[in-house]
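Each chain gets a letter, A, B and so on, in the order the sequences are listed, and its residues count up from 1. Every value quoted in this text rests on a predicted model; they were computed, and no experiment measured them.
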Amino acid sequence: SQTIHQWPATLVQPVGSPLSLECTVEGTSNPNLYWYRQAAGRGLQLLFYSVGIGQISSEVPQNLSASRPQDRQFILSSKKLLLSDSGFYLCAWSSQGAGEAFFGQGTRLTVV
Amino acid sequence: KQEVTQIPAALSVPEGENLVLNCSFTDSAIYNLQWFRQDPGKGLTSLLLIQSSQREQTSGRLNASLDKSSGRSTLYIAASQPGDSATYLCAVDSSGSRLTFGEGTQLTVNP
């Protein structure tokens, strides 16, 4: 069966520090991969999605970047965090072609 | 641009009641619609996926319907339980590769 791992679960980082959140998927190949952000009490905003290794689409201009170095690995990064980067970050995957989406447990990022 | 709206934003019901959550979307050209559950501080759990060619899907006490022409979906929860308390999110895939989410309905089932 397929599983998705996302870590860390919580993170407190100072303004201006770098960020690296990692997500891996097991039990499937060539998945679509996604990074979402959820502000408190709000819906999910799509940040990046990838349909293959090295293929990244950005939905919202921002201080973050994403990379997909391997088929089932998706990384969210920042060189210098801003206070506004605080939020709940969720990684997700789906099979190619409008498949069901499955989410990780999320990372609570607080920038101080 | 696809927009998804969920009504009501919050709902409180006594245990045992049947209830309906509503989701509407502006662009009827969709691939599928998915309902999720989110517990506080947790990720999303997929509940039901309805493909664009389907009218409804059922899983246990949950039944989701889809009316593409009117841009609406409903999630019906039968015989609600306190453990059903969570935020329920509706999401639409209009592109074949990414979802647009509603803001969710926060459900509280009181014992």
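- Hydrophobic clustering, with ILVMFWY side chains joined whenever heavy atoms are under 4.5 angstrom apart, keeps L66(B) apart from L49(B).
- For Q57(B), the CD atom sits in a packed shell: over 12 heavy atoms of surrounding residues, nucleotides or ligands are nearer than 6.0 Å.
- The cluster map of Ile, Leu, Val, Met, Phe, Trp and Tyr, joined by side-chain heavy atoms under 4.5 Å apart, puts V20(B) and V4(B) in different clusters.
- Linking ILVMFWY residues whenever their side-chain heavy atoms come closer than 4.5 Å, directly or via other members, places L48(B) and F25(B) in the same cluster.
- Looking at L44(A), both its backbone and its side chain come within 4.5 Å of chain B, counting heavy atoms on both sides.
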Determine, step by step, whether T45(B) and F102(A) satisfy the side chain to side chain contact (heavy atoms under 4.5 Å, CB included) criterion, reporting the C-alpha distance in whole Å, the side-chain angles of both residues, the deciding distance to 0.1 Å, and the verdict. CA-CA 7 Å; T45(B) 299; F102(A) 299 94; over 6 Å; no
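- Going from atom CZ of R98(B) over to atom OG of S50(A) covers 13.0 Å, rounded to the nearest 0.5 Å.
- Note that the CD atom of Q45(A) and the CZ atom of F101(B) stand 12.0 Å from one another [nearest 0.5 Å].
- I56(A) and L46(A) fall into different hydrophobic clusters, where Ile, Leu, Val, Met, Phe, Trp and Tyr side chains are chained together by heavy-atom contacts under 4.5 Å.
- Of the listed residues G104(B), G41(B), A9(B), the one with more heavy-atom pairs under 4.5 angstrom with chain A than any other is G41(B).
- L62(B) is connected to V109(B) through a chain of hydrophobic side-chain contacts under 4.5 Å among Ile, Leu, Val, Met, Phe, Trp and Tyr, so both are in one cluster.
- Between L99(B) and the choices Y49(A), Y36(A), Y34(A), the side-chain contact (heavy atoms from CB on, under 4.5 Å) rule is met once, by Y36(A).
- If you measure heavy-atom distances from L44(B) to chain A, the contacts under 4.5 Å come from both the backbone and the side chain.
- Side-chain atoms of E100(A) never come within 3.5 Å of backbone atoms of S46(B) as a donor-acceptor pair (strictly under, hydrogens ignored).
- Using a 4.5 Å cut-off on side-chain heavy atoms (C-beta onward), F88(A) and Q38(B) make contact.
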